[in-house]
Structure formats: structure tokens, C-alpha cells
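A quick write-up on the structure given underneath.
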There are 2 protein chains.
Amino acid sequence: MKLTSKGRYAVMALVDLARFDNINPVSLRDISLRQGISLDYLEQIFSKLKKNEIVKSIRGTQGGYVLNKNPNDIKLTNIFHAVDEKVKTVQCKKESKKGCNGKATKCITHNLWDELEIHINTFFENKSLKDLLNNNKDTRV
Amino acid sequence: MKLTSKGRYAVMALVDLARFDNINPVSLRDISLRQGISLDYLEQIFSKLKKNEIVKSIRGTQGGYVLNKNPNDIKLTNIFHAVDEKVKTVQCKKESKKGCNGKATKCITHNLWDELEIHINTFFENKSLKDLLNNNKDTRV
DNA sequence: TCTAAACTTGACCATTTTGGTCAGGTATGT
DNA sequence: ACATACCTGACCAAAATGGTCAAGTTTAGA
């Protein structure tokens, strides 16, 4: 059970962005340098963040990215959703008429995995970008 | 972020085992049939569970596996640990002298991932095999 | 004592996912 | 016009996943 780097990088980059974008648009190049994430990879990630209206892009010289919402309104849930970081505990397809094993009924531990998913998602829903900013005031990179 | 099938299968198999082992040792073949998990794969999993003293094996005809502890004392944590299902949110090595990015300091979101790990592990520590047995009394497979 | 049931071990492998790179664009401020 | 920065999509190596296969060893019971 692990977090993919896409999810991690997305959050790191957004925290970085949030710290600077009230002055100027922030270029991916800067984020790349500060956070040690490959520029090409960042572009993939920001393309998705933009589609999900988490950031806005400003093209041209001196361009870059800006947050599209208040940091308080950007939850981890939104970020992860944007970059396809899903919490996936069960194989069982929900749409499927059949049960989890190809049998008629729900698999023996189905309720457990559902609970776990909810438990994790709750964490993500209650955490906003703003929380992370405050959290890092003292221990800046 | 997803659960591996090894972890899921381990829990499913143990719940199955716990339901029957007070009568006789339970053969992997039976579990395989009931839960729809490949026998060969189950053998890999039970080998690990045995090393971690979660189950005992009884060889020979009419043999099989038995729980080695009270269901109440087998936490999900123990099971996952046995089959190497780890909760891994951070790349950063804890032993490393250096920081997370190869830089000197902790990465910008380090605290967040630590929190998340704790959040998930807490869930696993508070859940025992016994909880799952009760949970399934009504919705048996 | 023979044999079948069941555990034991370890090698092997195809597929998928991950974590990117590379090579081209296109838009825009100066 | 040109440098800066966004944009897009193809491509790829390596690792993890989710197993299978083969060849044992042990023991209960006929």
C-alpha cells in the first residue's frame, strides 16, 4: 500500500506554488529547481491540475501558474483526484452484478475494505492546502 | 494508493480459517475453493504467516493450518506485516542523514505523509480478526 | 508398509504500473 | 522576432504484481 510519486509531487508542487503565487506567476522551472522534480514530469502533472481547475496557467514570458482557488478550498482529495491518485482497496467492481469472487455474494472481507477506504478518504477530505502552509511555517525548505 | 492482493488474500484466508479451525485443521485446498484464491499462491502466503507465528501447520493427511493465537490478538497490523504489505507514503529514507530530496532539510510535505501513515496504521492496529468475524455473522459467504 | 493428502521450497514468468524522458510543438510579453 | 514558458503526446526501462510450475518432504491411516 503506497502513495505514487505523482500524488506526492502534485502536493509538494502546489504547496510550493501557494507560497509564491501572490507575488508573481510561478514557473514550473522554479518549482522544478526548488523541489527537485523533473520539469517534464511537472508539466504532465500541471496539465492535469489545470484541467481540474486547481491552477490557472499564464503563458508567455514571465508566465507560469497560479492557484485557481483559495488554498483553504483545495483539499487533498481534489489534488489526488486530479492526478488520478486513487485509493483502491478492493478489486470487486461495484457496478458488477456478481459478487467479488465471481460468486453471488460479497466477499468475506468486503465491509472491511470499504471501511478502510472511507477512513483514508476522510483524512484527505479534511486536509487543505492551507493546513499544509501553516504546518510548514517553521520548517521551510 | 492501493492494497496489494497479497494483503487482501491473507486477511480473507485468515477469516475463513478462523471460522473453521476450532473443529479441525483447515487445508489450504478448502480455503482455496471457498475463497477462490489459487492454491499455489495461498501456499506462499501461509508460509509467511507461519514464520510470523500467526498460524501453525499440521502436516500429513487431515492436516492443515490452525490459528496460533486468539483471534482477538491478531491485529490487521500483524497480518500485513507478515506478508510484507507495508504502508509507504514517503520515499525519504528515515535512516539517511540527508533530507528527502537529497537536500539538507526535510521535504516540504514530510509531516503530512507521516501523519497519513499514522492515520492508516492506527486503523490496522485497532482492527482484529475477531472484529471481522463478528462483522460477518450476518453476511456470510 | 504403502500411499495419498497436505505442507514446503524455490525458481520462474507475463503483465501492468510506475516514473519518468524526449521531441516536438504553441502562445505571448518585451 | 525571439526568448520564455506552457502544451501535447509518444515512448521507454525498471520494478512490482500476481501469479504458475516443479519437485520435493512429512505424516495419518488403510
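All values reported here derive from a predicted model rather than from experimental measurement. Residue numbers begin at 1 in each chain, while the letters A, B, ... track the order of the sequences.
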Check the distance between dT18(C)'s C1' and Lys88(B)'s NZ and give it to me in whole angstrom. 15 Å
hbond_proxy Gln44(B) side chain to dT8(C) base (donor-acceptor, 3.5 Å cutoff): no
Ranking dT9(C), dC6(D), dG19(C) by distance to the side chain of Ser27(A), first place goes to dC6(D)
Side chain of Asp40(B) only, please: which of dA5(D), dA22(D), dC7(C) is the nearest? dA22(D)
DNA chain C contacts among residues 49-61 of chain A, heavy-atom distance under 4.0 Å: Arg59(A), Gly60(A), Thr61(A)
Rounded to the Å, how far apart are Leu39(A) CG and dC6(D) C1'? 10 Å
Just say parallel, tilted or perpendicular for the rings of Tyr65(A) and Phe46(A), cut-offs at 30° and 60°. tilted
Co-membership, hydrophobic cluster, residues Ile79(B) and Val66(B), 4.5 Å side-chain: no
Nearest of dC7(C), dT9(C), dG19(D) to any side-chain atom of Tyr9(B)? dG19(D)
Could you state the atom-to-atom distance from OH of Tyr41(B) to C1' of dT15(C) in whole Å? 13 Å
With a 4.0 Å cut-off, would you call Lys6(A) and Asp84(A) a salt bridge? no
Just by distance, do the side chain of Asn126(A) and the backbone of Thr122(A) share a donor-acceptor pair under 3.5 Å? yes
In whole angstroms, how far is the P atom of dT4(D) from the CG atom of Asn24(A)? 16 Å
Assert: residue with more 5' nearest nucleotide on DNA chain D, out of Tyr65(A) and Met1(A), is Tyr65(A)
Gln62(B) CD to dT3(C) C1': how many Å, rounded? 14 Å
Here the distance between atom C1' of dC7(D) and atom CZ of Arg29(A), to the nearest Å, is 18 Å
Give a yes or no on whether the backbone of Glu43(B) and the side-chain of Ser47(B) come within a donor-acceptor separation of less than 3.5 Å. no
Donor-acceptor check, side chain of Asp16(A) to backbone of Ile31(A), threshold 3.5 angstrom: yes or no? no
Quick one: is Ser5(A) getting a side-chain N or O under 4.0 Å of the dT18(C) phosphate, OP1 or OP2? no
Determine: side-chain N/O of Ser38(A) to OP1/OP2 of dT21(C), distance under 4.0 Å, yes or no. yes
With hydrogens left out and only the distance checked, is there a donor-acceptor pair under 3.5 Å joining Glu43(B)'s side chain and the base of dC7(C)? no
Whole angstrom is fine here: how far is it from NZ in Lys48(A) over to C1' in dG19(C)? 12 Å
Check the pair Ile120(A) / Ile120(B) against side-chain contact (heavy atoms from CB on, under 4.5 Å), numbers first and verdict last. CA-CA 7 Å; Ile120(A) 296 175; Ile120(B) 296 175; 3.9 Å; yes
Rounded to whole Å, how long is the line connecting atom CG of Leu42(A) with atom C1' of dT8(D)? 16 Å
